[in-house]
Amino acid sequence: MVRTRFAPSPTGFLHIGGVRTALFSWAYARHHGGKFILRIEDTDAARSTPEAVQAIIDGMDWLGLEYDEGPFYQMQRVERYKAVIHEMLENGSAYYCYMTPEELERLREEQRAKGLKPRYDGTWRPEVGKTLPAPPDGVRPVVRFRNPVDGAVAWKDLVKGYIEIDNTELDDLVIARADLTPTYNFCVVVDDWDMGITHVIRGDDHVNNTPRQINILRALGAAVPQYGHLSMILGDDGQKLSKRHGAVSVMQYDEKGYLPEAVLNYLARLGWSHGDDEIFSMAQFCEWFDLGHITPSAAQFNTEKLNWLNSHYIKQADNSRLASLLAKRFNALGVSVSSEPSLDAVTALYKERVSRLDELAEEVKVFYTDPEFSAELLARHLTSEAQPALETFIDRLERLESWDAPSINALLKECLKIHNLKMPKLAMLLRLLLTGREHTPSIDAIIALFPRDTAIKRLKSAEDSGGLSGG
RNA sequence: GUCCCCAUCGUCUAGAGGCCUAGGACACAACCCUUUCACGGUUGGUACCGGGGUUCGAAUCCCCGUGGGGACGCCA
C-alpha cells in the first residue's frame, strides 16, 4: 500500500511550490490506490500560526486535493518524540551535548575561516575508550544523534536517480533542543515511520536532509521509504520565489479569477509531462502520474500559459457555475445584479473572450451599471452619417416585434440599407452607447440581452448628452 | 569555502544511441474568418551550454570545464 504525505510548516501562506509538491504527492497516492496524508509541521512554535494552518487547509480545499488522513499536528505528538529520544539515549544512538550556542558559533567561524564545511566536532560524542569532559554547570544540554562516521548513505531518488553522500559530510545533528522540544529532522523521521509513509515526495531543498533522516531511520530500525525530490519552481522572471519576491498565496489565484482546475492542470505540467498532452483532467493526471516523467531541473512559472489554460477552462465551464462565481464577485464589489439580463446569459456570451474571472466580471459589469465613456469617444462614433441611422434604429427598435438577436440583426441591416452605411459605422456607435466600450461581442447579441427599455434608454442617452438633437 | 543537484526554442517540455535536416504547447509574427475586439483556423521564425571521449552512428552514454541552483541552524 502506497502512503504519501504533504508536510508543510504553517509559517506563512501556501504558495505555488507547496501546492505542486502536494499535487504530485496526492496524485502518486491516487495513481496507486494508496493514501495521502496531511501533516502540519508546527514544531517551530515561534513562527507557526493558526492562520497559516487555516490557509493550508483552505488552499487544499479549494484545489480539491483531498487527504485521506490528517491533518496531523506535530505539536500534538511531542510525547511520542520524547519517548523515542529517551530510547535513543538509552541505547546509545543519541547523546547529550553541552556545547553552548556561543561555543558552537565560534567553532563554525573557525571552520569557515579554514575553508571547511562548518559542522559539530563531536566534543560530547561518546566513544569507547574516550573520556568525556565533565558537564558544565548551568548548561542545559541538547540531544544529538550519533551519526555513523564510516561509509556512505545512498538512495535511488525517484526523480534524480542515484545519490550517494559520504557520512563524513554529515555531523551529529541536534534532535532535541535544550528546552527538550524535538527538531524538524527528527520529527519527520518518527512521523514518516509511525505513519507508514512509503514514498516521500518533497522539495529539492530536502536532498541534504535525506541522508541524515535515513541514518536516524536505520538507528531506529525503521523501514526506509523511497524518496523523490522535486525541483523548485522559479518565478515568472526566473528568480527564486520568496516571500519578498513573487511568492503569493494560492488563494490569490482564486481572487484573481483562476479556476482551480486550470491551476492544477498548469502545475501538473510544470516539471512533469505525458508526451505532448497539455490539457487533461485530474482524473486523467492521476491515471498517468507515475513519477516517471518528472523533470529534474527547476521550472520557471509562466503566467501567460496559465492564462491560456484558464481561458480554456472558462470556456469549458458551465454558465451557471461561472455565473455564481461572478455573482460572488459583484457582491464583493457592491454591484447589484438585476434579474435581466441573467448572469447566465451574459456569461454565455462573454466567456469565450476572457482568460480570467476578474476580466469577465469587468466586462459583464456594464450590463448592471450605467456605462461610462468620454465625450471624445462619443464624438468619434456619433458621426453625422451615423446619427440619422441611429434615430431610425431607435425608432424601429421600439416597435420591433420579437426581441431576439436575429430580428435585431435584420433591423440593423435594414437601417444600414436605408442610410447606405457599412456595419461598423452604426455598430460601433451602438456598442459605445450600450456598453461604454468599443470592443464587445457581436452587437445584435448584446442588444438582445438587454431588456428593451434599458437598451432604448441607453441608446437615447446620446440625445441627453446633446449630440442628437443638436441643441 | 565544502558537499549535493541541474543544463533542448524567450518559457513549459517531447526525446531512454539511428524514427531528429530535433516534435508539441504558451508567447510572438503573418494570413484567413469577421460587425469592433476576441475566439477559431492556417502558416512561419527561434533551441540540443562548451570541449573531449565511447560508438559505424550521440540531444541521448562517460569525463572535464562553464553556468545556474540548493544545503551546510538548538528553522522547517
Side-chain angles (χ1 to χ4, degrees), chain A residues 7-11 41-44 46-48 74 97 99-101 104-105 108 111-120 140-144 157 159-161 163-166 168-171 173-185 187-188 203-211 229 231-232 234 236 238 240 266 269-279 292-293 295-309 311 315 350-355 363 381 409 412-413 416 422-428 430-432 437-445:
Chain A
S9 62
T11 53
E41 312 220 321
D42 55 355
T43 52
D44 185 352
R47 295 197 299 150
S48 299
Q74 290 187 323
C97 166
M99 189 175 278
T100 63
L104 244 184
E105 189 43 44
R108 286 200 264 256
Q111 288 165 331
R112 255 188 268 266
K114 281 186 218 158
L116 297 170
K117 184 188 238 176
R119 47 199 214 271
Y120 178 64
R140 296 177 69 188
V142 298
V143 178
R144 285 186 186 274
D157 196 273
V159 351
K160 294 187 188 281
I163 299 179
E164 182 180 274
I165 292 171
D166 211 288
T168 56
E169 292 299 326
L170 275 20
D171 62 0
L173 73 153
V174 172
I175 59 176
R177 306 180 178 95
D179 66 3
L180 298 179
T181 59
T183 61
Y184 166 78
N185 272 109
C187 297
V188 166
D204 216 346
D205 46 337
H206 289 293
V207 209
N208 294 280
N209 288 328
T210 305
H229 289 98
S231 62
M232 57 187 309
L234 271 21
D236 238 332
K240 187 193 172 181
Y266 177 71
R269 208 47 201 72
L270 201 55
W272 176 83
S273 64
H274 184 266
D276 288 338
D277 295 304
E278 295 287 351
I279 293 175
H293 281 78
T295 311
S297 57
Q300 191 170 316
F301 195 89
N302 186 224
T303 306
E304 300 282 0
K305 191 161 179 180
L306 206 214
N307 286 343
W308 169 72
L309 271 168
S311 68
K315 282 175 208 138
Y350 273 82
K351 69 175 182 179
E352 302 271 325
R353 322 171 53 79
V354 299
S355 60
E363 291 293 318
H381 294 292
N409 187 269
L412 218 37
K413 297 233 164 94
L416 292 174
K422 293 273 189 214
M423 182 63 95
K425 285 283 181 202
L426 183 55
M428 290 306 286
L430 298 177
R431 252 185 202 106
L432 186 68
R437 293 166 189 278
E438 293 182 282
H439 308 310
T440 75
S442 98
I443 193 64
D444 47 2

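Chain letters run A, B, ... following the sequence lines, proteins first, then strands; residues in each count from 1.
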Within the pair A:Arg108 and B:rC74, is there a side-chain N or O less than 4.0 Å away from OP1 or OP2? yes
By the 4.0 Å heavy-atom rule, please label A:Pro441 as base, sugar-phosphate, or nothing. base
Distance, C1' atom - from B:rC26 to B:rA76, rounded to whole angstrom: 35 Å
Checking all strands, does A:Thr43 fall into the base, sugar-phosphate, or nothing category for heavy-atom contacts under 4.0 angstrom? sugar-phosphate
Would you indicate which nucleotide in B:rA76, B:rC3, B:rC74 comes nearest to any side-chain atom of A:Asn208? B:rC3
Residues in salt bridge (charged side-chain N to carboxylate O under 4.0 Å, His left out) with A:Asp44, at least two apart? A:Arg47
Could you work out the separation of B:rG15 and B:rG73 based on their P atoms and round it to a whole Å? 39 Å
From the options B:rC74, B:rG70, B:rA27, select the nucleotide whose nearest atom is closest to the side chain of A:Met232. B:rG70
B:rC3 P sits how many Å from A:Leu170 CG, rounded? 14 Å
For A:Lys117, the salt bridge (charged side-chain N to carboxylate O under 4.0 Å, His left out) test, sequence neighbours excluded, returns A:Glu169
Is A:Val142 touching bases, backbone alone, or none of the nucleic acid, heavy atoms closer than 4.0 Å? base
Within the distance-only criterion (no hydrogens, no angle test), does the side chain of A:Tyr266 pair as donor or acceptor with the backbone N or O of A:Trp308 below 3.5 angstrom? no
Separation of atom CG in A:Asp171 from atom C1' in B:rC74, rounded to whole Å: 13 Å
Measuring only the P atom in each nucleotide, how far is B:rG24 from B:rC62? A whole number of Å is fine. 29 Å
Quick check on B:rU36: is either OP1 or OP2 less than 4.0 Å from any side-chain nitrogen or oxygen of A:Ser442? no
Closest nucleotide among B:rC72, B:rA76, B:rU35 to the A:Ala427 side chain: B:rU35
With both distances under 3.5 Å as the test, what is the Watson-Crick or G-U wobble partner of B:rG44? B:rC28
For each nucleotide in nucleotides 5-16 of chain B, reading 5' to 3', give B when a protein heavy atom comes within less than 4.0 Å of its base, S when such contact involves only the sugar-phosphate, and - otherwise. SSS---SBSSS-
Do A:Asp205 and A:Met232 have side chains that get closer than 4.5 Å, going by heavy atoms? no
Trace of the side-chain contact (heavy atoms from CB on, under 4.5 Å) decision for A:Cys97 with A:Tyr120: CA-CA 10 Å; A:Cys97 166; A:Tyr120 178 64; 3.2 Å; yes
Applying side-chain contact (heavy atoms from CB on, under 4.5 Å) to A:Ser297 and not counting sequence neighbours gives A:Thr295
B:rC48 and B:rU60: how far apart are their C1' atoms, nearest whole angstrom? 10 Å
Can any side-chain N or O of A:Arg269 pair as donor or acceptor with the backbone N or O of A:Asp277 at less than 3.5 Å? yes
When the distance from CD of A:Glu363 to P of B:rU36 is rounded to whole Å, what number comes out? 17 Å
Less than 3.5 Å apart, any donor N or O on the side chain of A:Ser231 or A:Asp204 sitting next to an acceptor on the other? no
Expressed as a whole number of angstroms, how long is the span from A:Arg119:CZ to B:rG1:P? 17 Å
Mind checking who B:rC72 pairs with, Watson-Crick or G-U wobble, both distances under 3.5 Å? B:rG1
Separation of B:rA76 atom C1' from A:His206 atom NE2, nearest Å, is 7 Å
Pairing check on B:rA7: which nucleotide meets the Watson-Crick or G-U wobble criteria with it, both distances under 3.5 Å? B:rU66
P atoms of B:rA27 and B:rA38, separation to the nearest Å: 13 Å
Please report the distance, rounded to the nearest Å, between CE in A:Met428 and C1' in B:rU36. 4 Å
5'-most contact on RNA chain B (nearest-nucleotide basis), A:Asn409 vs A:Glu41, goes to A:Asn409
Residues in side-chain contact (heavy atoms from CB on, under 4.5 Å) contact with A:Val174, at least two apart in sequence or another chain: A:Val142, A:Arg144, A:Thr183
Please tell me if the side chains of A:His229 and A:Ile163 come closer than 4.5 Å, counting only heavy atoms from C-beta onward. no
Could you tell me how far B:rC39 sits from B:rG23 if I compare only their C1' atoms? Round to whole Å. 26 Å
Counting the atoms with a prime plus P, OP1 and OP2 as sugar-phosphate, which does A:Lys240 contact under 4.0 Å by heavy atoms, base, sugar-phosphate, or nothing? sugar-phosphate
Can you check the distance between B:rA59 and B:rC9, where both ends of the measurement are the P atom (answer in whole Å)? 15 Å
Correct closest heavy-atom pair for A:Pro182 and A:Thr43 would be O-CB, 4.2 Å
Does A:Asn209 reach a base, just sugar-phosphate, or nothing at all? Heavy atoms under 4.0 Å. base
Distances for protein N/O vs nucleotides 40-49 of chain B N/O pairs under 3.5 angstrom?
none

Suppose you measure atom P in B:rC5 against the same atom in B:rG44; what distance do you get, rounded to whole Å? 42 Å
Write down the distance between CG (A:Asp205) and C1' (B:rG73), rounded to a whole number of angstrom. 15 Å
Between B:rC4 atom P and A:His229 atom NE2, what is the distance in whole Å? 15 Å
Categorize A:Glu438 for me: base, sugar-phosphate, or nothing, with a 4.0 angstrom heavy-atom threshold over every strand shown. base
Counting any heavy atom closer than 4.0 Å, what does A:Asp444 reach on the DNA or RNA strands: base, sugar-phosphate only, or nothing? base
Got a donor-acceptor contact below 3.5 angstrom from the A:Glu438 side chain to the A:Leu432 backbone? no
